[in-house]
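One structure is given below, encoded as structure tokens.
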There are 2 protein chains.
Amino acid sequence: MDDSEFEHLLRGADLRVTRPRLAVLRAVRRQPHADTGSVLAAVRTEEPTVSHQAVYDVLGALTDSGLVRRIQPAGSVARYELRVGDNHHHVVCRSCGVVADVDCAVGVRPCLDASDTHGFVIDEAEVTYWGLCPACTVPAPPTKGSP
Amino acid sequence: MDDSEFEHLLRGADLRVTRPRLAVLRAVRRQPHADTGSVLAAVRTEEPTVSHQAVYDVLGALTDSGLVRRIQPAGSVARYELRVGDNHHHVVCRSCGVVADVDCAVGVRPCLDASDTHGFVIDEAEVTYWGLCPACTVPAPPTKGSP
DNA sequence: CCCCTTTCTTGAACCAGTCAAGTTTCTTTG
DNA sequence: CAAAGAAACTTGACTGGTTCAAGAAAGGGG
């Protein structure tokens with residue numbers, strides 16, 4: 001996915017191609033699951049004058065158009081990723097909050113058959129796995145430990 | 001689950017039995033999926049002097065002890081419920097944000113076998129269904145409609 | 001190349017949630 | 001039953017992510 005690809009995606013979504021938007025897309029590609037602050041910082045390394053509001057607007061527009069996906073695990077700020085439409089899920093570390101992708105074991109549309117949906121019309125089943133990442137699983141940190 | 005039951009639960013969790021805590025438990029029982037603000041309002045109908053900080057503290061303590069469950073769908077504030085330990089999930093209305101319980105169709109611990117967990121030690125799989133509630137599914141609102 | 005619309009900048013405001021210090025109230029023990 | 005220690009609560013200020021609003025800038029069709 002290079003920049004011309006991003007251009008096509010934007011035009012396909014009836015969005016103008018702007019420097020801030022390309023920078024945001026590049027930032028999210030570089031750093032999947034980045035939160036808004038990280039995206040802003042990353043964007044400013046290449047476009048120092050972009051306002052924080054622009055990043056919020058861009059991320060909102062891209063999310064609405066389905067070009068990026070917004071994830072928001074409980075207790076975390078909003079995070080963004082480029083992988084869309086492939087029905088994957090996320091593992092979140094309870095300790096450090098890091099997020100990783102998980103392809104669904106059940107296949108496409110997992111668990112989408114809820115027993116009693118109370119009349120809701122369901123269009124998506126989102127699965128979030130909670131646990132500890134490899135780094136936080138380590139019993140005692142090597143140096144800097146707590147004796 | 002009456003008040004003496006709540007007392008037992010609190011003592012069993014090594015928590016003191018206080019009026020604010022009982023009031024919070026009653027509020028959450030009365031209004032499952034209530035957010036903190038609603039809980040505060042409900043609590044104050046019986047205990048008008050309880051501070052908002054107390055409600056935050058109580059909900060935090062009860063959550064830590066596993067007496068209540070905190071749920072936080074993306075874009076929503078924290079909500080609380082008494083049903084714990086029965087592995088049920090939630091449907092969230094994209095339009096109005098209302099939450100309903102859904103018993104898992106797969107059985108206990110649904111989808112807990114992720115394909116590649118990247119070394120994470122997973123202890124919970126949380127499933128959130130997204131869609132429209134019966135009220136928001138109605139094509140055109142009776143009165144007050146869009147011409 | 002011009003104009004119109006979308007997008008971006010600036011700057012202020014909002015609100016759920018948190019922090020800190022001091023007071024109250026549980027519960028255990030003498 | 002009373003006292004003491006610890007947990008819990010009140011008060012009040014504050015934070016930080018997100019949103020609102022008004023005006024300036026810059027895409028892109030014609």
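To find a chain, count down the sequence lines: A is the first, B the second, and so on, and within it residues start at 1.
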Helix axis bend for the helix from C:dC1-D:dG30 to C:dG30-D:dC1 - C1'-based end axes, five pairs, 10° rounding: 40°

B:L10 vs B:L25, test: side-chain contact (heavy atoms from CB on, under 4.5 Å). Steps then yes/no. CA-CA 10 Å; B:L10 287 170; B:L25 284 168; 4.1 Å; yes

Tell me: OH of B:Y80 to P of C:dG17, nearest whole Å? 7 Å

Go along nucleotides 11-17 of chain D 5' to 3' and tag each nucleotide: B for a protein heavy atom under 4.0 Å from its base, S when only backbone or sugar atoms are that close, - otherwise. BB----S

In residues 10-18 of chain A, what residues come within less than 4.0 Å of DNA chain C, judged by heavy atoms? A:L15, A:R16, A:T18

note: B:L22, atom CG; C:dC26, atom P; distance rounded to Å ~ 10 Å

Within residues 58-71 of chain B, residues whose heavy atoms come under 4.0 Å of DNA chain C: none

Summary of salt bridge (Lys or Arg N to Asp or Glu O under 4.0 Å) pairs that have at least one residue in residues 65-77 of chain B, sequence neighbours excluded: B:R69-B:E81

Residue pairs passing the ring-ring contact (aromatic ring centres under 6.0 Å, His included) test where at least one lies in residues 19-49 of chain B, sequence neighbours excluded: B:H33-B:H90

Closer to the 5' end of DNA chain C via nearest nucleotide, is it A:V50 or B:G37? A:V50

Side chain to side chain contact (heavy atoms under 4.5 Å, CB included) partners of B:A13, counting only residues at least two apart: B:L15, B:S65, B:L67

Salt bridge or not between B:R30 and B:E46? Use side-chain N to carboxylate O under 4.0 Å. yes

Other hydrophobic cluster members with B:L132, side-chain heavy atoms of Ile/Leu/Val/Met/Phe/Trp/Tyr under 4.5 Å, chained? none

I'd like a table of atom pairs between the protein and nucleotides 22-24 of chain D - only N or O on both sides, under 3.5 Å - with the distance next to each one.
none

Determine which pairs satisfy ring-ring contact (aromatic ring centres under 6.0 Å, His included) with at least one residue from residues 61-81 of chain B, sequence neighbours left out, and list them in order. none

Does any non-hydrogen side-chain atom of A:R29 lie less than 4.5 Å from one of A:R26? yes

Heavy-atom closest pair (B:D101 atom, B:R83 atom, distance to 0.1 Å) is OD2-NH1, 3.3 Å

Could you check how far CZ of B:R19 sits from P of D:dT10, rounded to whole Å? 12 Å

Pair up each side-chain donor or acceptor in residues 48-62 of chain B with any protein partner under 3.5 Å, not counting sequence neighbours, and list the distances.
residue, atom, partner, partner atom, Å
B:S51, OG, B:A54, N, 3.1
B:Q53, NE2, B:D57, OD1, 3.1

d(CG, A:D57; P, D:dT19) in whole Å: 10 Å

5'-most contact on DNA chain C: B:S76 or A:R21, nearest heavy atom basis? A:R21

Output all residues satisfying side chain to side chain contact (heavy atoms under 4.5 Å, CB included) with B:T128, sequence neighbours left out; order by chain, then residue number. A:E126, B:V92, B:E126, B:W130

For A:E47 and A:A23 the tightest heavy-atom approach is CG-CB, 3.9 Å

